[in-house]
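Working notes, beginning with the structure itself.
First the proteins, then the strands, lettered A, B, ... as listed; each starts at 1.
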Amino acid sequence: MMHIDRGLGAGRRAAALAIAVALVAAPTALAQSSAAEGIAKYREALQDGNPAELWEARGEGLWKEPRGPAKASLEQCDLGLGAGVVKGAYAQLPKYFADADRVMDLETRLVWCMVKLQGTSDADARKNPFGNGTDRKSNIEALVAYITSESRGVKMNVSLAHPKEAQMYKVGDKIFYFRGGPHDFGCVTCHGADNQRIRLQDLPNLTKVEGAQKAYTTWPAYRVSQGELRTFQWRLNDCFRQQRFPELEFGSDASIALTMFLAKNANGAAFDAPAIKR
Amino acid sequence: MTARRILFAALFAAILVGCATSPSDDRISVDASTMLKSSFKARGQAGLDRLDQDDTQRLCSEAAGKTPPREVAERIEKQNLATIQYPADGKLVGDWKNGEKIAQEGRGKQYSDDPAGPVGGNCYACHQLAPQEVAYGTIGPSLYRFGKLRGYGIEMQRYAYGKIFNSEAFAACSTMPRFGHNGILSEQQIKDVTALLMDPASPVNQ
């Protein structure tokens, strides 16, 4: 269930194994507390580095390497601060891009640049947004790791100045409270109050500024339980699955609207990812 | 003022008014529904029809996480109360041991779940029940000693069964799923979970 890159030290691998064992054990009280201990040990073992760094390094390579039918790198990609500017760009996304006449988050913008600069087909660029934690890696996840790491410490500063940005935010707000499906769930069901948990998992209150700030600024994250770096698109996708909704399309407008809603609410907090999570 | 000036002033005022009226709340709700429809694809057992809201879902979405106004809340509770189907055999309390399994089971209705089952109630996700299980969530109130504290009589049995069948009948816009009304749990499963709450021998009531 878990993949740890060979580059990691033996101690870290042992800790990883301990937690893997804890996580597959039956969800009894005992297993839960040893899982928590396992996580604590694993965190300790990682103090000298987060495996997300491996994704960051691969992403930087992908950003600079000439690729696709056009044999071009992504270095001329405009992430909102001008062609090629990576530093601080993520802290201002999502935003309206005049060339696409659309509000885009980082991941949809990357697809756009792969198509426009590298000549990749749109379908190919979207084909593999999430890796499987073992043999199948996603270039998008690696690129996101690199680009977001270049905003670490930068204050979130998402703008609603363009009417399409303001509209995206308002619709994202509505979608957050939209309840449906067999369980009548909406985001608000699990993220609408302080100090709530599902089983033993803490749930952030995303209707409050502090909750949105803490959650949004710690994604993407290396998921210990999955051995994979996960992006914000992945987070939304997996929450909609638990919401019993159909599958959220990668880069869809609803995904961008929700990202806009939470990113804007996180304004003012320093971005602090890629993080490491359970 | 010349006629042209007046015209200009009138035009300017009209523009100001135009700017001040942002899209109405209703309009944004419609936009959100349209956007959702184009943003998902059917997968496994989860079809796109899951994005169609019934009256209760729509009114509770509009309430945006708060309790709706009293008239609306009463309407929701009345409508949902009318949906509750009590078992034809009149037996409301099944087997608590099975009920405990159903309360533990988190699978069911996700596109990643096997449509052939199992489907559970996942009650422990939100409630404390039997004290032996410490990995319980806190979205709902503790149900520890539910029957012991409330009594084991037929009225309380009917309330517990009805609440699990359709939670919205008793608390408009509750976050608790409508297990019977929405076809998550079968009649027998609801009887068994009711037993977990209402059987004096259940660990919940020790």
At a heavy-atom separation under 4.5 Å, does [X] approach chain B through its side chain, its backbone, both, or neither?
{"X": "A:Q243", "answer": "neither"}
{"X": "A:L203", "answer": "side chain"}
{"X": "A:A257", "answer": "side chain"}
{"X": "A:N195", "answer": "backbone"}
{"X": "A:D238", "answer": "neither"}
{"X": "A:F185", "answer": "side chain"}

- Do A:V111 and A:I140 come close enough that some side-chain heavy atom pair is under 4.5 Å?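 They are in side-chain contact.
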- Message: Just so I know, are the side chains of B:D192 and B:L185 near enough to count as touching, which here means a heavy-atom distance under 4.5 Å?
- Response: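 Contact flag for B:D192/B:L185 side chains = no.
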For chain A, which of [options] has the most heavy-atom pairs under 4.5 Å?
{"options": "B:L36, B:N122, B:D52", "value": "B:L36"}
{"options": "B:Q45, B:R50, B:R58", "value": "B:R50"}
{"options": "B:Q57, B:R178, B:M176", "value": "B:Q57"}
{"options": "B:K41, B:R43, B:K109", "value": "B:K41"}
{"options": "B:A46, B:P177, B:S39", "value": "B:S39"}

Side chain, backbone, both or neither: which part of [X] has a heavy atom under 4.5 Å from chain A?
{"X": "B:A64", "answer": "both"}
{"X": "B:Q128", "answer": "neither"}
{"X": "B:Q53", "answer": "side chain"}
{"X": "B:T34", "answer": "neither"}
{"X": "B:L51", "answer": "both"}

- Query: Between A:F232 and A:Y216, does the ring centroid distance fall short of 6.0 Å?
  - Reply: yes
- Query: For the ring pair B:F40 and A:F240, is the centre-to-centre distance below 6.0 Å?
  - Reply: yes
Between [X] and [Y], does any side-chain N to carboxylate O distance fall below 4.0 Å?
{"X": "A:K127", "Y": "A:D122", "result": "no"}
{"X": "B:E71", "Y": "B:R75", "result": "no"}
{"X": "A:E165", "Y": "A:K95", "result": "no"}
{"X": "B:E105", "Y": "B:R107", "result": "yes"}

- Is the cationic atom of A:R109 (NZ for Lys, CZ for Arg) positioned less than 6.0 Å from the six-membered ring centroid of A:F97 and within 45 degrees of its normal? yes
- Query: Is NZ or CZ of A:R102 both nearer than 6.0 Å to the six-membered ring centre of A:Y96 and within 45° of the ring axis?
  - Reply: no
- Query: Between A:L248, A:D202, A:T189, A:T207, which residue shows the highest count of heavy-atom pairs closer than 4.5 Å to chain B?
  - Reply: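 The answer is A:L248.
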- Message: Which one wins on heavy-atom pair count under 4.5 Å against chain B: A:V188, A:I256, A:I175?
- Response: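 Highest number of heavy-atom pairs under 4.5 Å: A:I175.
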- Query: Does the A:C239 SG fall under 2.5 Å from that of A:C187?
  - Reply: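 Their SG atoms do not fall under 2.5 Å; no disulfide, then.
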